[in-house]
Amino acid sequence: MVKVRIQFSKDGALRFIGHLDFLRVFGQMLRRAELPVAFSQGFNPHILLSFALPLPLGMVSGNDYADLTLAHQVNLLDAVKVLQTHAPQGLTLHKIWETEGRNTASVTATADYTLAGEIVTDLLASQEYIIPKKTKSGVKDTNIRPDIFDITETKGQITLRLAAGSGRFLNPVTTAKILLNREVSAHEITRAELYARVGEAFIPLDKFTN
Amino acid sequence: MHLSNEALLRVEKPARYVGGEVNAVIKDKNRIRFGFCFPDAYEVGMSHLGLQMLYFFMNRREDTWCERVFMPFLDMQQVMREENIPLYALESGDPIKDLDILGFTLQYEMCYTNVLAMLELGGLALRAADRGEDDPLVCAGGPCATNPEPMADFFDFFYIGDGEATLDEILDMYAKCKARGLSKEDFLEEITWIDGIYVPRFYDVGYKKDGTIDWFYPIIGDIPNGVKRAFVPELTYFPDKFLVPLVEAVHNRVTLELARGCMRGCRFCQAGYIYRPLRERGVDALTAHAENLLSATGHEEVSLLALSACDHSGFGTLVDKLLTITEPARVSLSLPSTRLDAAFFDAIKKTQRVRKSSLTVAPEAGSQRMRDAINKNLTEADILDGCLQAFESGFHKIKLYFMAGLPWEEMDDIRANVQLAEKVVDAYYKLTYEQRTKPVSVSVSTACFVPKAFTPFQWAAQVNPMDFEADQREVKSNIRKKQIVYRYHDAKTAHIEGVLARGDRRLSHAIEHAYRAGAMFDGWSEHFRYDRWLRAFESAGIDPAFYANRERAEDEVLPWDFIDIGVTKAFLLEEYKRAKNSVLTPNCREKCANCGVMAIADGGKCHG
Ligand code: SF4
């Protein structure tokens, strides 16, 4: 068994499907490409495949990541090419490499989101920014400021670095709405990169080793 | 695509409306532009084998680009209106108005209002007579096209029979007519001589005082008096690809058509007559298709489709061969459980699906008298043995399918459904205590019988919905065992289906009224409104009972009589009489009953 990490991006019609549909579509691609994927044990075996972080409906992604277990070693440079020929429209495979240790899902801590616009609200100004947030037990005032790590703007292109892990997660659409002080639709946003956190540093997942 | 991302994100599951699926065919526009229209939701249409087959069949032609069109849900319709976007074909995003031919598949009567909705969303007039020379030709096929009359006014032509038979001829003719600059009318005249083609505008109908049909004949010269079903003696074509939807469809799997037609001759089953004779695909070909299609789609399931799959003469070998492909690839093979015979249990043991699912059995009727009337050819001992075997192999959930309202059915017959279910429960307790690992559950599902054209019951009266409901209450009150659950179909939907299924041309007005009053997605219980249909009949001056609940005289001209489906009217009538006396007719392998279908088969082989 070989654990590999796949870097890809998602665009086109794929922005219109949810996480579970994407999981199926990705699995179908792996099957068409006849990659020697490994399966889970049990009565309903499934491909050992997981994603770093579900992408909200409507968004596209720049660098996105999946973990896959293969039954045996293959030439990973070739695998990228083979997968690309079987990929659905809008899915671009960048690279595949062997990996060890924790899954991307558990190491992902933040994400960069980009969108075009003009900053109206200075979210970085203070240590506190309270918004009402829906939780299981009703609406609760929540300080979102600790989940905002950076906001930059160059030539009308805004980049937000927000908490985006299984532990802490800040909704990029909600945040962008406040930032731009206007309605924002998910399709305006690209999730450009995912990072693991090492101390104070954020490492893109393709540079990160456990 | 004409809808903005923003607009698409306002609807549920927008991927239904954007195309871009794996294996979708994109061509340049300089071709015959065909829109395959499925008058139901994307998820339903994409699960339909006929769509996959005809899509790739037409697209194998250099000169044709076949695209798909589905019925948008209400939220999407709203957005399309707001954004001023007419119904478009998924591949090109072009409005359906710009295509050359729109072909609707009529799978069930309750989709008729969706056809009208799609035409209107496409900016087209509903009636063929009101559409112009620049509008596309609009045609229809599928099982409901075997009684085309209720929808006749909306279509330019119907295609009756096997798609592979003469579709090429029609497209060739279209190319020729287009090249010569001929009119729609000229094209329609040309194709009347092709098997399977019915052009309603070239025929007229007269009625007697009592409302029945007096005459039906061509009103222009040099066209045939009737329509002969298009027929392929051998099933050779099967697609090498399937479209793979991005959103989850009803079925996400490779479906293999094992056979077309059926050798059994159950008297209520339209498919059992209109697809005769039984034509099987070879085991090697099927295995190759499965292999191809799995690598072309990446699906995780293979399913076997036929009216009675276990009757395939190579069924056991086929299952073995398929398993050699599916097992190593961790693909599941699902078997339809039409008959619980040895072949089925052999297969199911090999596929090891026992623990996973419940088992469906269709006795159709609880009493032997009724089972004989419908020619089910199944004894109570067969059913109970089958269920016992099922329990022994580890099933503990059995679904029994029945039909309520069969001709000559009496209260005792209805009670017999429950009694049979009780005996099935008892069969479970024949297992040893150790074998009974889980509590048994038997569900009784009753559908309301709808008499259909080209069946022996085409003369029969349908039970009216009030009586259906009384029957349903009777079944319910008779259930004493807690292991039995009872489910039944809506009698009111069945009533409307009953009217449409055996209707004539006059019904088009009622269908239009219903649509104008908001009828859409009538096959979906949450959208169906019975009173809306009753009002539509009233506005159109139509008595629904005349069509649904009236027994026809033997010599009555039926609206579909002008179609030569192969099986003769004399044979069907004979079967109707045998049904009345509960006399069985042996299946085609045992003894040919001379149904007459060989006349259209042009030397094709048949059983018997
Ligand atoms: S001709 Fe005979 S064998 Fe063939 S379908 Fe008809 S009844 Fe069956």
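Chain A is the first sequence line, chain B the second, and so forth, proteins listed ahead of strands; every chain is numbered from 1. Just so you know, these numbers use all the heavy atoms, side chains as well, and skip hydrogens, waters and symmetry mates.
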Visitor: Quick check: are there more than 12 heavy atoms from other residues, nucleotides or ligands sitting under 6.0 Å from CG of A:D78?
Guide: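 For A:D78, atom CG is crowded (more than 12 foreign heavy atoms under 6.0 Å).
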Visitor: So which of B:K13, B:E300, B:H299 has the biggest tally of heavy-atom pairs under 4.5 Å with chain A?
Guide: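 Of the options given, most contacts go to B:E300.
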Visitor: Tell me, for B:A296 versus chain A, whether the close heavy atoms (under 4.5 Å) come from the side chain, the backbone, both or neither.
Guide: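 Just the backbone, heavy atoms under 4.5 Å.
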Visitor: Just wondering, more than 12 heavy atoms not from A:Q89 lying within 6.0 Å of its CD?
Guide: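 At most 12 heavy atoms, drawn from other residues, nucleotides or ligands, come within 6.0 Å of this atom.
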Visitor: Above 12 or not: heavy atoms from other molecules or residues under 6.0 Å from CD of B:E82?
Guide: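 It does: B:E82 CD has more than 12 such atoms within range.
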Visitor: At under 4.5 Å between heavy atoms, what parts of residues 4-28 of chain A are in contact with chain B? List them by residue number.
Guide: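 Within residues 4-28 of chain A, the residues under 4.5 Å from chain B are A:A13, A:L14, A:R15, A:F16, A:I17, A:D21, A:R24, A:V25, A:Q28.
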Visitor: Surrounding NZ of B:K399 (heavy atoms of other residues, nucleotides or ligands, distance under 6.0 Å), is the total greater than 12?
Guide: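 Check fails, neighbour count at 12 or below.
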Visitor: Would you find more than 12 non-hydrogen atoms of other residues, nucleotides or ligands less than 6.0 Å from A:K95 atom NZ?
Guide: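 Counting other residues, nucleotides and ligands, NZ of A:K95 exceeds 12 neighbours.
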Visitor: Kindly indicate, with the supporting measurements, whether the criterion side chain to side chain contact (heavy atoms under 4.5 Å, CB included) is fulfilled by A:R32 and B:V22.
Guide: CA-CA 11 Å; A:R32 286 193 298 273; B:V22 167; 3.5 Å; yes
Visitor: For atom CD of A:Q41, is the number of surrounding heavy atoms from other residues, nucleotides or ligands below 6.0 Å larger than 12?
Guide: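 Atom CD in A:Q41 is not packed in, count stays at 12 or less.
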Visitor: Please check if atom CD in B:Q435 has more than 12 non-hydrogen atoms from other residues, nucleotides or ligands closer than 6.0 Å.
Guide: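 Atom CD in B:Q435 is packed in, count exceeds 12.
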Visitor: Which residue out of B:E6, B:R16, B:E21 racks up the most heavy-atom pairs below 4.5 Å with chain A?
Guide: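 Ranked by heavy-atom pairs under 4.5 Å with chain A, first place is B:E6.
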Visitor: Is B:T297 close to chain A through its backbone or its side chain, or both, or neither, when contacts mean heavy atoms under 4.5 Å?
Guide: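 It is the backbone, since no side chain atom gets that close.
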Visitor: Check whether B:V247 gets within reach of chain A through its side chain, its backbone, both or neither, counting any heavy atom under 4.5 Å.
Guide: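 Both backbone and side chain.
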Visitor: Just to verify, what does A:R145 make a side-chain hydrogen bond (donor to acceptor under 3.5 Å, both in side chains) with, not counting sequence neighbours?
Guide: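 Per chain and number, A:R145 pairs via side-chain hydrogen bond (donor to acceptor under 3.5 Å, both in side chains) with no residue.
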Visitor: Are A:P88 and B:V244 packed together at the side-chain level, in the sense that at least one heavy-atom pair is separated by less than 4.5 angstrom?
Guide: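 Of all side-chain heavy-atom pairs linking B:V244 with A:P88, none is under 4.5 Å.
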Visitor: Please check this pair: side chain of A:R31 against backbone of B:A329, looking for a donor-acceptor N/O pair closer than 3.5 Å.
Guide: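 Answer holds: yes.
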Visitor: Taking side chain as everything from C-beta outward and backbone as N, CA, C, O, which of these in B:N23 sits under 4.5 Å from a heavy atom of chain A? Side chain, backbone, both or neither.
Guide: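 Contact with chain A is absent: no heavy atom of B:N23 under 4.5 Å.
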Visitor: Of all residues at least two apart in sequence or in a different chain, which pass the ring pair (Phe, Tyr, Trp, His ring centres under 6.0 Å) check with B:F521?
Guide: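 B:F521 satisfies ring pair (Phe, Tyr, Trp, His ring centres under 6.0 Å) with B:F73, B:W524, B:H527 only.
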Visitor: Under the side-chain hydrogen bond (donor to acceptor under 3.5 Å, both in side chains) test, which residues partner A:W97, sequence neighbours left out?
Guide: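 By the side-chain hydrogen bond (donor to acceptor under 3.5 Å, both in side chains) rule, A:W97 matches no residue at all.
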